[in-house]
Amino acid sequence: MRRIFGVAAVALTAALTLSACGGSDPLSTTASAAPSASGSGGAAPAKVVVGSFNFPESVLLASMYAQALQAKGVTVEEKPNIGSREVVYDQIKSGGLTVLPEYAGSLLAFVDKSSTAKTKDEILSGLKAKLPPELELLEPAAAEDNNSLTVTKATADKYKLTTIEDLAKVAKDFVVGGPPEFKQRQEENFKNVYGLEFKQWKPTGDTTADAIKSGTVQVGNVFTTDPKIVLNDLVPLQDNKNAFGSENVTPLVYKAGVNDTVTSTLNAVSAKLDTQTLVSLMKRISVDKDDPPVVAKDWLTQNGLL
């Protein structure tokens with residue numbers, strides 16, 4: 001979940017990986033090869049390594065960061081499509097990565113499993129307290145890509161579903177889909193918050209919206225910036241008890257590997273990015289099949305960041 005993030009690579013994601021990194025090993029940078037840099041001072045880092053999770057939106061965001069930094073004269077190495085947060089977090093904490101596009105709510109849930117924070121301010125405050133000293137969260141974008149439990153309009157109408165709470169009466173007969181980590185991360189949460197117990201959990205990854213439409217699953221974890229919600233006439237159910245936290249897109253950095261140029265450039269990207277923009281950019285990728293680096297370049301150019 002993107003916010004629960006780390007979906008399994010599918011054919012589209014594999015294609016994106018090849019276009020973005022030429023098929024190189026995304027984990028070839030290790031802690032022993034951490035980027036040499038001057039920290040937050042004025043001297044330029046020797047190299048900034050920008051990574052991403054293994055789903056198309058994260059690849060897009062990382063390409064935005066990388067191209068914006070290159071436009072400022074920063075030497076950048078891109079490592080897209082690495083994997084789930086369980087893998088990528090250790091990479092940035094060790095310095096193998098310097099910059100990572102993150103989702104605030106899911107990051108807090110990862111570093112503080114006891115957190116009950118749900119609003120943007122609560123989550124950012126929790127992250128400030130819980131992130132290790134090696135890491136720093138920069139300015140969050142207005143753009144959010146939240147988790148949802150989503151059904152078809154026909155299912156919503158048939159069972160009178162408008163909220164996640166409404167699922168309690170039918171969940172035992174429903175197959176639910178989502179990223180491979182979805183069950184592990186959310187099963188107990190759904191039980192505690194909504195009393196949900198599903199018939200079966202299926203790892204559907206990037207194909208979740210299509211799986212809902214086809215009936216392979218009856219409900220699924222679809223990210224709210226996925227244009228297939230509209231294209232497939234799907235209905236995200238209201239999270240009326242806040243099982244999911246706010247998911248503002250935010251750069252996470254390895255502090256020793258960045259300087260003022262890097263942080264100010266990444267903050268400038270965040271300042272321009274809102275949710276509706278992210279939805280439209282993701283349509284170009286998931287529906288029109290445009291490459292993330294091309295989409296990123298177009299948006300950066302339009303916003304004076306290249």
Side-chain angles (χ1 to χ4, degrees), residues 1-20 52-61 80-81 83-85 103 106 144-159 161-162 164 166-167 170-171 173-187 190 196 198-239 244 247 275-276 278-292 294-295:
M1 294 166 62
R2 186 126 356 121
R3 332 330 175 212
I4 300 175
F5 290 102
V7 299
V10 294
L12 171 60
T13 307
L16 297 177
T17 305
L18 291 174
S19 66
S52 72
F53 299 114
N54 59 333
F55 55 88
E57 185 178 280
S58 184
V59 175
L60 169 68
L61 294 166
N81 260 346
S84 68
R85 183 171 287 103
Y103 299 86
S106 291
E144 294 184 59
D145 188 0
N146 293 319
N147 287 291
S148 76
L149 284 180
T150 292
V151 297
T152 63
K153 187 176 185 303
T155 297
D157 291 344
K158 179 179 180 179
Y159 297 103
L161 306 176
T162 58
I164 296 178
D166 293 335
L167 278 174
V170 293
D173 298 318
F174 277 12
V175 177
V176 60
E181 303 85 7
F182 184 43
K183 184 177 189 291
Q184 176 185 352
R185 294 179 180 179
Q186 292 298 323
E187 184 174 25
F190 289 156
L196 300 183
F198 291 103
K199 176 182 178 181
Q200 184 182 354
W201 297 68
K202 281 192 175 181
T204 48
D206 284 344
T207 67
T208 301
D210 296 322
I212 297 169
K213 182 180 180 181
S214 70
T216 303
V217 300
Q218 287 72 55
V219 59
N221 173 226
V222 181
F223 306 135
T224 55
T225 59
D226 191 334
K228 289 182 180 179
I229 289 177
V230 174
L231 294 173
N232 291 353
D233 198 23
L234 304 181
V235 179
L237 300 176
Q238 181 186 349
D239 184 13
F244 300 123
E247 297 288 2
T275 302
Q276 188 53 49
L278 194 53
V279 171
S280 66
L281 296 179
M282 284 307 300
K283 178 182 179 297
R284 288 188 57 186
I285 293 170
S286 63
V287 178
D288 302 334
K289 308 303 182 185
D290 291 340
D291 287 338
V294 174
V295 176

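For the numbers below, each heavy atom of this structure counts, side chains included, while hydrogens, waters and symmetry mates do not.
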Does a donor on one side chain and an acceptor on the other come within less than 3.5 Å for Y159 and Q218?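 Their side chains do not contain a donor-acceptor pair, so the 3.5 Å distance test is not met.
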Shortest non-hydrogen contact from P179 to F223?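 Scanning both residues completely, I find the closest heavy atoms to be CG-CZ, 4.4 Å.
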What closest approach, in Å, do N146 and E247 show between heavy atoms, and which atom pair accounts for it?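 So the two residues come closest at OD1-N, 3.0 Å.
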Do any N or O atoms from the side chain of K289 and from the backbone of S286 form a donor-acceptor pair under 3.5 angstrom?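 Side chain of K289 to backbone of S286: a pair is present.
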Keeping the roles fixed (side chain from T208, backbone from V222), state whether a donor-acceptor pair exists under 3.5 Å.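 Checking the backbone N and O of V222 against the side chain of T208, no donor-acceptor pair under 3.5 Å is found.
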Side chains of Y103 and L61: does their closest heavy-atom pair fall under 4.5 Å?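 Yes, their side chains come closer than 4.5 Å.
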Salt bridge (Lys or Arg N to Asp or Glu O under 4.0 Å): which pairs involve residues 220-234, sequence neighbours left out?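 Residue pairs passing salt bridge (Lys or Arg N to Asp or Glu O under 4.0 Å), neighbours aside: D210-K228.
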Hey, which of I212, N232, V219 is the one that makes side-chain contact (heavy atoms from CB on, under 4.5 Å) with T152?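 Of the listed options, the one satisfying the test is I212.
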Q184 atom CD, over 12 foreign heavy atoms within 6.0 Å: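 It does not: Q184 CD has 12 such atoms or fewer within range.
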All side chain to side chain donor-acceptor pair (under 3.5 Å) counterparts of T216, not counting sequence neighbours: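 In terms of side chain to side chain donor-acceptor pair (under 3.5 Å), with neighbours along the sequence ignored, T216 is linked to S214.
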Working to the nearest 0.5 Å, report the span between CZ of F244 and CG of L149.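 So the CZ of F244 and the CG of L149 are separated by 4.5 Å.
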Once you measure the plane-to-plane angle for F53 and F55, does it fall in the parallel (<30°), tilted (30-60°) or perpendicular (>60°) bin?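 Because their plane-to-plane angle is under 30°, the rings of F53 and F55 count as parallel.
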